[in-house]
Amino acid sequence: MNLIDERFSSLKEKGQTALMPFISVGDPDLATSVDIILELEKAGADMVELGVPYSDPLADGPVIQRSSLRALQHRVTIVDCIRIARQCRDRGSKLPFIIFTYYNPVLQLGLERFFELLRENDVSGIIIPDLPLEENGQVLELSRQYNIHLIPLVAPTSNDRIQRITSQAAGFIYCVSSLGVTGTRSQFFEGIDSFLDTVKRSTEVPIAIGFGISSREQVDNFSKKCDGVVVGSAIVRKIEETLPLLSQEETKSAGLLQIREFVRQLKA
């Protein structure tokens, strides 16, 4: 069984919801990304999205754009991001890992090589936000062959496409909470509950929600409606705030502790 399935099954038995942090791999550097992921696990994260830095992001807001730029300045590649999973595993991590990447880096790497690397480094899922349902045939076939879940995004504007999207879903369905790009929000669109109900009625696969979730209150609220909650920009911003601490060996542990405590409060 895929690790994502195992984790959701275990959480369901306990009546719990998955907390799913997103980080930009390589921000501020690859070694620190490993340290941060291990802190996320200590804080109670249930699985982690490993964001591949990209120079022309379509769905990312300014916080994640800045983090991608910092990583790209260190020439972080998609291969580096995939191998981070193995480095974390070698240091004892039990988390399911999900690669979040735009399609162009995958295409440049080559689909077969991409999936081989995912399997070699024990990655459980992939999210490719700019790969539409109508064009994902080859990636979907390989994902099933390698038992690496291709996780679809469903937006409030998906409408009559929801059933088609969820019918081929594996792992979980990523429900986009808001129109526009990622970033923390104080309010979500009025039809969010109806949208989530529609998605849930269309599938037996777990559903998770992301884009804009940044507080314990929001996590609690969506935990009543979803199987998982993704927190991205808020965590990436916390990493950004602690960069002065992370950049110095004598203060690095204090910076990591701040990140862990922030995520622990979301989980608690």
**Message:** Just so I know, are the side chains of Ile23 and Glu49 near enough to count as touching, which here means a heavy-atom distance under 4.5 Å?
**Reply:** no

**Prompt:** Is the side chain of Thr203 donor-acceptor paired with the backbone N or O of Val199 at a distance under 3.5 Å, no angle test?
**Reply:** no

**Asked** Are Leu69 and Gln65 close enough that some pair of their side-chain heavy atoms sits under 4.5 Å apart?
**Response** no

**Request:** State whether a side-chain donor-acceptor pair under 3.5 Å links Ser24 with Ser67.
**Result:** yes

**Prompt:** Under the criterion side-chain contact (heavy atoms from CB on, under 4.5 Å), which of Leu246, Ile239, Leu245, Val263 is the partner of Gln258?
**Reply:** Leu245

For residues 111-120, dump all side-chain donor-acceptor pairs below 3.5 Å to protein atoms at least two apart in sequence or in another chain.
| unit_1 | atom_1 | unit_2 | atom_2 | d |
| --- | --- | --- | --- | --- |
| Glu112 | OE1 | Tyr146 | OH | 3.2 |

**Message:** Restricting to side chain to side chain contact (heavy atoms under 4.5 Å, CB included), what partner residues turn up for Cys226, sequence neighbours left out?
**Reply:** Leu196, Ile207, Ile209

**Asked** So does Gln138 have more than 12 non-hydrogen atoms from other groups sitting under 6.0 Å from CD?
**Response** no

**Message:** Using 0.5 Å steps for rounding, measure from the CG atom of Asn136 to the CD1 atom of Ile128.
**Reply:** 8.5 Å

**Asked** If you measure only the distance, is there a donor-acceptor pair under 3.5 Å linking the side chains of Asn121 and Gln87?
**Response** no

**Message:** So Pro129 and Tyr174, do their side chains get closer than 4.5 Å, heavy atoms only?
**Reply:** no

**Request:** Could you tell me whether the side chains of Ser202 and Gln163 share a donor-acceptor contact shorter than 3.5 Å?
**Result:** no

**Request:** Verify, without hydrogens or angle tests, whether Ser233 (side chain) and Val63 (backbone) share a donor-acceptor contact under 3.5 angstrom.
**Result:** no

**Message:** side chain to side chain contact (heavy atoms under 4.5 Å, CB included), that's the test. Do Thr166 and Val205 meet it? Break it down for me.
**Reply:** CA-CA 8 Å; Thr166 61; Val205 176; over 6 Å; no

**Message:** Determine whether a donor-acceptor pair (N or O, by modelled atom type, separation under 3.5 Å) exists between the side chain of Ser124 and the backbone of Pro96.
**Reply:** no

**Prompt:** If every non-hydrogen atom of Thr242 is compared with every non-hydrogen atom of Gly255, which pair is closest and at what distance?
**Reply:** CG2-O, 4.0 Å

**Fill in**
Rounded to the nearest 0.5 Å, the CD1 atom of Ile162 sits from the CG atom of Leu133 at a distance of 12.5 Å

**Item:** Nearest heavy-atom neighbours spanning Cys81 and Gly51
**Value:** SG-O, 4.1 Å

**Request:** Name all pairs fulfilling the salt bridge (charged side-chain N to carboxylate O under 4.0 Å, His left out) condition that reach into residues 62-73, sequence neighbours left out, sorted by first residue then second.
**Result:** Asp27-Arg70, Arg66-Glu240, Arg70-Glu240

**Prompt:** Strictly by modelled atom types, are Asp220 and Ser223 linked by a side-chain donor-acceptor pair under 3.5 Å?
**Reply:** no

**Co-membership, hydrophobic cluster, residues Val76 and Val123, 4.5 Å side-chain** = yes

**Message:** Per the salt bridge (charged side-chain N to carboxylate O under 4.0 Å, His left out) rule, what does the pair list look like for residues 137-164, sequence neighbours excluded?
**Reply:** Glu134-Arg161, Glu134-Arg164

**Prompt:** Just wondering, do Val231 and Pro21 contact through their side chains at under 4.5 Å, heavy atoms?
**Reply:** no

**Fill in**
When every non-hydrogen atom of Ala155 is compared with those of Val176, the smallest separation belongs to CA-CB, 4.1 Å

**Prompt:** Are the side chains of Phe97 and Ile84 in touch, meaning some heavy atoms are under 4.5 Å apart?
**Reply:** no

**Request:** Determine yes or no for a side-chain-to-main-chain donor-acceptor pair under 3.5 angstrom, with His74 supplying the side chain and Gly26 the backbone.
**Result:** no

**Request:** Could you grab the distance from atom CG of Leu266 to atom CD of Glu217, nearest 0.5 Å is fine?
**Result:** 12.5 Å

**Check: Cys88 main-chain N/O paired with Asp90 side-chain donor or acceptor under 3.5 Å** = no

**Fill in**
Arg75 and Asp80 have their tightest heavy-atom pair at O-OD2, 3.8 Å

**Prompt:** When hydrophobic residues are tied together by side-chain contacts of less than 4.5 Å, even through go-betweens, does Phe262 share a cluster with Ile213?
**Reply:** yes

**Request:** Would you confirm whether Gln218, through its side chain, and Ser214, through its main-chain N or O, come within 3.5 Å as a donor-acceptor pair?
**Result:** yes

**Prompt:** Under the 3.5 angstrom rule, does the side chain of Asp130 hit a backbone N or O of Tyr103 as a donor-acceptor pair?
**Reply:** yes

**Prompt:** Side chains of Tyr54 and Leu72: closer than 4.5 Å at any heavy-atom pair?
**Reply:** no

**Request:** Start with the C-alpha distance between Ile37 and Leu50, add both sets of side-chain angles, then the distance that settles side chain to side chain contact (heavy atoms under 4.5 Å, CB included), and finish with yes or no.
**Result:** CA-CA 9 Å; Ile37 292 164; Leu50 304 175; 3.6 Å; yes

**Asked** In Å and rounded to the nearest 0.5 Å, what is the CG to CZ distance from Leu257 to Arg264?
**Response** 10.0 Å

**Request:** Group every Ile, Leu, Val, Met, Phe, Trp and Tyr by side-chain heavy-atom contacts under 4.5 Å, then state whether Leu3 and Ile151 land in the same group.
**Result:** no

**Request:** To the nearest 0.5 Å, tell me how far Leu38 CG sits from Leu95 CG.
**Result:** 8.5 Å

**Message:** Using side-chain heavy atoms (C-beta onward) and a distance below 4.5 Å, is Phe22 in contact with Ile235?
**Reply:** no

**Request:** For residues Ile259 and Leu40, determine if any side-chain heavy atom of one lies less than 4.5 Å from a side-chain heavy atom of the other.
**Result:** yes

**Asked** With sequence neighbours left out, which residue pairs that include part of residues 243-257 fulfil the side-chain hydrogen bond (donor to acceptor under 3.5 Å, both in side chains) condition?
**Response** Thr32-Lys252, Asp35-Lys252

**Item:** Steps toward side chain to side chain contact (heavy atoms under 4.5 Å, CB included) verdict (His149, Asp5)
**Value:** CA-CA 10 Å; His149 292 329; Asp5 302 325; 2.9 Å; yes

**Request:** Give a yes or no answer on whether the side chain of Lys200 reaches the backbone of Lys225 with a donor-acceptor pair at less than 3.5 Å.
**Result:** yes

**CA sep, side-chain torsions, deciding dist, call: Leu131, Val139, side chain to side chain contact (heavy atoms under 4.5 Å, CB included)** = CA-CA 9 Å; Leu131 181 63; Val139 175; 3.8 Å; yes

**Complete:** dist Ile173:CD1 -> Glu204:CD (nearest 0.5 Å) comes out at 10.5 Å

Which atom pairs, donor and acceptor, lie under 3.5 Å between side-chain atoms of residues 6-14 and protein residues at least two apart or in another chain?
| unit_1 | atom_1 | unit_2 | atom_2 | d |
| --- | --- | --- | --- | --- |
| Arg7 | NH1 | Asp46 | O | 2.8 |
| Arg7 | NH2 | Lys94 | O | 3.4 |

